[in-house]
Number of protein chains: 4
Amino acid sequence: MSSFRAQKMAKKKQEILRSAAAVLVEKGYQGTTMEEIAAKLLMTKGSMYYYFKNKDDLLYQCHLMIMEICLDGIEKVIESELNPVEKLRNAIKEHILLATSEKSMFMALSKPNHNFSEKQLQEVLELRKNYSHYFDKIIQEGIEKRAFVPVDVKMVRLIVLGALNWIQEWYDQNGPQSAEEISEAYAAYLLKMLVKE
Amino acid sequence: MSSFRAQKMAKKKQEILRSAAAVLVEKGYQGTTMEEIAAKLLMTKGSMYYYFKNKDDLLYQCHLMIMEICLDGIEKVIESELNPVEKLRNAIKEHILLATSEKSMFMALSKPNHNFSEKQLQEVLELRKNYSHYFDKIIQEGIEKRAFVPVDVKMVRLIVLGALNWIQEWYDQNGPQSAEEISEAYAAYLLKMLVKE
Amino acid sequence: MSSFRAQKMAKKKQEILRSAAAVLVEKGYQGTTMEEIAAKLLMTKGSMYYYFKNKDDLLYQCHLMIMEICLDGIEKVIESELNPVEKLRNAIKEHILLATSEKSMFMALSKPNHNFSEKQLQEVLELRKNYSHYFDKIIQEGIEKRAFVPVDVKMVRLIVLGALNWIQEWYDQNGPQSAEEISEAYAAYLLKMLVKE
Amino acid sequence: MSSFRAQKMAKKKQEILRSAAAVLVEKGYQGTTMEEIAAKLLMTKGSMYYYFKNKDDLLYQCHLMIMEICLDGIEKVIESELNPVEKLRNAIKEHILLATSEKSMFMALSKPNHNFSEKQLQEVLELRKNYSHYFDKIIQEGIEKRAFVPVDVKMVRLIVLGALNWIQEWYDQNGPQSAEEISEAYAAYLLKMLVKE
DNA sequence: TATGAATGAGCTTTCATTCAT
DNA sequence: CATGAATGAAAGCTCATTCAT
């Protein structure tokens, strides 16, 4: 069937996106060439155009894929039966583990201006907003349940996500601290902004 | 005198750097063209090369300039007679005010790999390390004076600077909150990680 | 097979080199633009970079190609069973015919300083030395066999090659004398420096 | 008087030309920048334009100056009371000494195509022709006086000048042989083409 | 499907030239 | 007279994109 073809193509697309995202995060949009992405997958530049309309499309799909992964992660946390403190702790840990393992954390693909169509741009920003809102939701819930002290939710969320997204700037897979350890510590410190002694 | 000429040239260089830094931070190294930088100063592309050897040199000098400004700021804080809490609060506020006013905060010129010579790279990294160390020093002092609870100094500093540097990603000069307000709030929230109730 | 592709690419490279050499000899390295070379082959500037890394590489490969042709020519002479007088006569004639037909005689690509890597430079100079040595060998052999009078071999060789390489400066394909005639005359005159009456 | 001014200007022009010629011969027309020429004279680029209309003009004047020097040299030889053999020997030696000392021998500024006006081009070619004719004259006179064997005058002259002009390609001021020695040897060998045993 | 080859727009850089001071 | 500063045209080079095979 054609659905078989389609499935095979989707698999390949995924493979390309996963590889491309890593390079794009590392070197930035303009600093990454199609050739470089292709080479890493033992393909040729030209072949990429069978799967993606153009470089912008590739970047766009990267954003979508990464956001999907992130949203999956946080939705699992949201739906869990944990208390707000544990929820936020898990959300933070999940974010860090994704960012350090995939080395392709979404926020780092910052400012998706590039040449996106208005529709594409809105789509990406919408997904980001969703992700942010999940954090807001956890914080809000925590405040309402008196697990957290009252705070400016948006601002605290910006602080938290900023701290998390910066990790990629210095994280070294071969460094002394594991991503696991880092995520534990980050969660602990950041929670101090929200819990009363 | 020739020193007059030299001074005039230095002034112009400063002017270019200031303008260039804004564009470089906004669009990234590869996304910024020499023409764009020049146009913003009502110059021509070619004229830039009278002042800077090449694009890399321009970027390098940007890093130096920005770091100088940042270091000046934090040194003033360090040398003040304030207690650690106020020192850190001021350091945070200073950083945010610089980042939002100049729109050219240093850390955002992330990963100065581009084509820097080893010497240039080391120079920039050294300045960054100095800046970071000032934060460490404030935190360390706070712990020793029992103003702060004991923490992993480096990790807390990474959280703080990460949160601060992220501000540029969303800060909007015409937004509802002034940089002043933001900096107050950030300082208050971040200090919660360090002070006992 | 991939070797078929490779062969096709090699052919194209040859074609480009042959055309480029002519222009380079005519106008010099700095006076020749990539666009000019490309245009003569009905290509675009950009396409050249598919075959050659940069302009220097193109020049380097030109040198290699030309030297190969020259060395092939003189090796045939060296290996022949002729006496020294005839060998030198043939070497001179061969050189002139190549220089005038290809209009891309090697020595004329003088001073291969341009931006060659040390390795490239050594490679080219080595090939030139080989070529010169073949002339020396012929002269030396002639002296030993008493076909030539004793002379400073190197100096006579320099005179001969100098005279030959100068031909390009004035040779005109449509001039009154054919390359054949010129080469005959040159050989005859130059041999007078070496043979006793 | 204005003639004093004019004289001073002429002196300066001479000085510039002498310095420029050396660089032009060394690096070629396109390979030499106005800045380079100016720097060697501790001037600035812009100042050159007070003395010369443009770069082409500078090159043109270089040709004129060099040719004047060469012609002065050979005219002295021509007017001497020596026999043809000695005349040719001296002409050859003079040429070599100029070429190696000034490192700015005229023929080396080969192909004065650059952007010369037709008039300029004709002027330079005329001077070159004059220089060549002096050699022809010496050779012709030698043949008539039976000092030389009959030869194709033009061709022998081309051989001689070719050999001479090539010297710059390899001459090294610090090499084992002095220009004096080289010129003696060259003259001796080249004369063998013309004298009977 | 995949790719070798070609293209052209756009970028960095150089440099002859100009001109106010 | 001399020069600091600016300019713009042209060059080398890169790279996203296309397309015949």
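The chains referred to below are lettered A, B, ... by the order of the sequence lines, with proteins before strands, and numbering in each begins at 1. This structure is a prediction, so every number in the text was calculated from the model and none was measured.
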Nearest-Å distance for atom pair OH/P, residues Tyr49(B) and dT12(E): 6 Å
Check whether Tyr49(C) forms a cation-pi arrangement with Lys55(C) (NZ or CZ under 6.0 Å from the six-membered ring centre, at most 45° off the ring normal). no
Spatial distance of atom CD (Gln61(B)) from atom CG (Leu59(B)) [nearest 0.5 Å]: 10.0 Å
Atom CG in Leu58(D), atom NZ in Lys53(D): separation rounded to 0.5 Å? 12.0 Å
Once you apply a heavy-atom cut-off of 4.0 Å, does Phe52(A) come out as touching a base, just sugar-phosphate, or nothing? nothing
Let me test you: for the helix from dA2(E)-dT21(F) to dT21(E)-dA2(F), what is the angle between the axes at its two ends (five pairs each), rounded to 10 degrees? 10°
Provide a list of protein-nucleic acid N or O atom pairs under 3.5 angstrom, restricted to nucleotides 8-11 of chain E.
none

For the CG atom of Leu42(C) and the OG atom of Ser47(C), what is their distance to the nearest 0.5 Å? 11.0 Å
Counted 5' to 3', the first and last nucleotides of DNA chain F within 4.0 Å (strictly under) of a heavy-atom of chain B are dG4(F) to dG8(F)
What is the distance from CG of Leu41(A) to P of dT1(E), rounded to the nearest Å? 17 Å
Nearest-0.5 Å distance, CG of residue Asn165(B) to CD of residue Glu169(A): 8.5 Å
From Cys62(D) atom SG to Tyr29(D) atom OH, the distance as rounded to the nearest 0.5 Å: 10.5 Å
Can you tell me how far the NZ atom of Lys12(A) sits from the CE atom of Met48(A), to the nearest 0.5 Å? 10.0 Å
Close side-chain approach of Arg128(C) to His63(C), heavy-atom, < 4.5 Å: yes
Mind checking if Tyr50(C) touches a base, just sugar-phosphate, or nothing, with heavy atoms under 4.0 Å? base
Checking Gln122(D) side chain against Lys119(D) main chain: does a donor-acceptor pair fall under 3.5 Å? no
Please report the shortest heavy-atom distance between Leu64(A) and Leu127(A), naming the atom on each side. CD2-CD1, 3.5 Å
